[in-house]
Number of protein chains: 2
Amino acid sequence: MDCCKNKDYTIDNEQLAHFAKALGHPARITILNFLGAMDSCYFGDLHNELPIAKATVSQHLKELKEAGLIQGEIEGPRVKYCINRENWEKAKDSFDVFFDSCKVKATCCD
Amino acid sequence: MDCCKNKDYTIDNEQLAHFAKALGHPARITILNFLGAMDSCYFGDLHNELPIAKATVSQHLKELKEAGLIQGEIEGPRVKYCINRENWEKAKDSFDVFFDSCKVKATCCD
DNA sequence: AATACTGTTCGTATTTTTGCGAACAGTATC
DNA sequence: GATACTGTTCGCAAAAATACGAACAGTATT
């Protein structure tokens with residue numbers, strides 16, 4: 001019986017999966033693309049780019065914020081969003097390492 | 001009323017989100033890391049690396065297969081899994097382009 | 001052909017995600 | 001201070017993801 005395996009996921013794998021999960025929805029990808037391409041990044045602009053209700057947009061933004069990929073800043077009555085540079089690089093690096101470390105060997109499945 | 005927005009996500013964004021979603025679980029990251037590092041990649045080996053039931057492992061493998069990131073091949077009574085090179089490169093490129101195209105501008109949020 | 005081994009599929013339970021409208025809180029304007 | 005505007009939070013519904021054991025199907029061995 002394999003009742004005593006007690007294996008856990010590594011912190012790195014958890015972190016990468018967490019980043020990936022945050023990117024795992026087209027609305028959130030669209031948001032990040034928009035934030036990367038534009039200078040003005042108010043909530044309304046983002047909402048305008050997306051085919052979903054503002055409550056839902058707000059929720060996606062919350063998730064991206066919790067993943068650390070973006071940050072928001074209150075500006076008068078509006079909220080300005082932008083990419084969190086530090087964590088963005090961290091995520092980029094994580095994916096880079098992951099895709100490289102999984103370099104396929106010639107001996108596998110050939 | 002914004003009832004006529006009719007905006008859709010682009011194919012590219014959908015595709016990237018789909019890849020990201022497939023990577024959005026530590027078990028699947030672990031599987032891919034293992035497949036990238038080992039030559040032998042039978043189901044049993046993968047199951048042995050993970051703290052979850054075999055039915056669940058099989059399900060994660062199915063998802064990775066459906067995302068196109070891995071492929072399985074029946075070998076006698078066992079099943080040999082490996083990374084799908086072609087789509088692996090495609091995913092890697094998608095993430096590369098994404099992270100680069102979202103290069104943060106100096107004017108945003110500073 | 002019975003047995004052992006390997007992995008998938010099925011049925012189900014639980015949790016999480018996604019989505020929306022309504023209500024709310026804050027700022028600005030009249 | 002009423003009104004308009006902006007965005008978040010709340011409450012809820014529907015769908016998807018995660019997980020498991022049991023049952024199954026296939027191969028190999030006895």
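Note on naming: letters A, B, ... go to the chains in the order of the sequence lines (proteins, then strands), and numbering restarts at 1 for each one.
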Taking 4.0 Å as the cut-off, does a side-chain nitrogen or oxygen of [X] come that near to OP1 or OP2 on [N]?
| X | N | result |
| --- | --- | --- |
| Arg28(A) | dT18(C) | yes |
| Lys21(A) | dT17(C) | yes |
| Ser58(B) | dG7(C) | no |
| His47(B) | dT6(C) | no |
| His60(A) | dG19(C) | yes |
| His25(A) | dG19(C) | yes |
| Thr56(A) | dC20(C) | yes |

[X] [atom1] to [N] [atom2]: how many Å, rounded?
| X | N | atom1 | atom2 | value |
| --- | --- | --- | --- | --- |
| His18(A) | dT16(C) | NE2 | P | 13 Å |
| Glu73(A) | dG7(D) | CD | P | 13 Å |
| Leu23(A) | dT17(C) | CG | P | 14 Å |
| Glu49(B) | dG7(C) | CD | C1' | 18 Å |
| Tyr9(A) | dA19(D) | OH | C1' | 10 Å |
| Asn48(B) | dT6(C) | CG | P | 11 Å |
| Phe43(B) | dT9(C) | CZ | C1' | 12 Å |
| Lys54(B) | dC20(D) | NZ | P | 13 Å |

| task | Would you indicate whether the side-chain heavy atoms of Leu46(A) and Leu35(A) approach each other to under 4.5 Å? | result |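 Answer yes - side chains close enough.
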
| Should Phe34(B) and Asn48(B) count as side-chain neighbours, where that means a heavy-atom distance under 4.5 Å? |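 Side chain of Phe34(B) against side chain of Asn48(B), heavy atoms only: no contact under 4.5 Å found.
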
| query | Applying the side-chain hydrogen bond (donor to acceptor under 3.5 Å, both in side chains) test to Asn84(B), which of Gln71(B), Lys90(B), Glu89(B) qualifies? | reply |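 Among the candidates, only Gln71(B) passes.
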
Tell me which nucleotide among [options] gets nearest to the side chain of [X].
| X | options | value |
| --- | --- | --- |
| Val79(B) | dA19(D), dT16(C), dT8(C) | dT8(C) |
| Arg78(A) | dG7(D), dG19(C), dT9(D) | dG7(D) |
| Ala55(A) | dA22(C), dT9(C), dG7(C) | dA22(C) |
| Tyr81(A) | dG7(D), dG7(C), dT9(C) | dG7(D) |

| request: For the pair Thr30(A) (side chain) and Pro26(A) (backbone), establish whether a donor and an acceptor sit closer than 3.5 Å, ignoring hydrogens and angles. | output: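 Flag set: sc Thr30(A) to bb Pro26(A) pair under 3.5 Å.
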
| said: Below 30° counts as parallel, above 60° as perpendicular, anything between as tilted: where do the rings of His25(A) and His60(A) land? | reply: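 Because their plane-to-plane angle lies in the 30° to 60° range, the rings of His25(A) and His60(A) count as tilted.
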
| field | Earlier contact from the 5' end, DNA chain C, for Pro77(B) and Gln59(B) | value |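 Residue closer to the 5' terminus by nearest nucleotide: Pro77(B).
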
| Along DNA chain C (nearest heavy atom to each residue), the more 5'-positioned of Lys65(B) and Ile74(A) |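 Going by which nucleotide is closer to the 5' end, it is Lys65(B).
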
| said: Taking CD in Glu75(B) as the centre, count heavy atoms belonging to other residues, nucleotides or ligands within less than 6.0 Å. Is the count above 12? | reply: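 Result for CD/Glu75(B): enclosed.
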
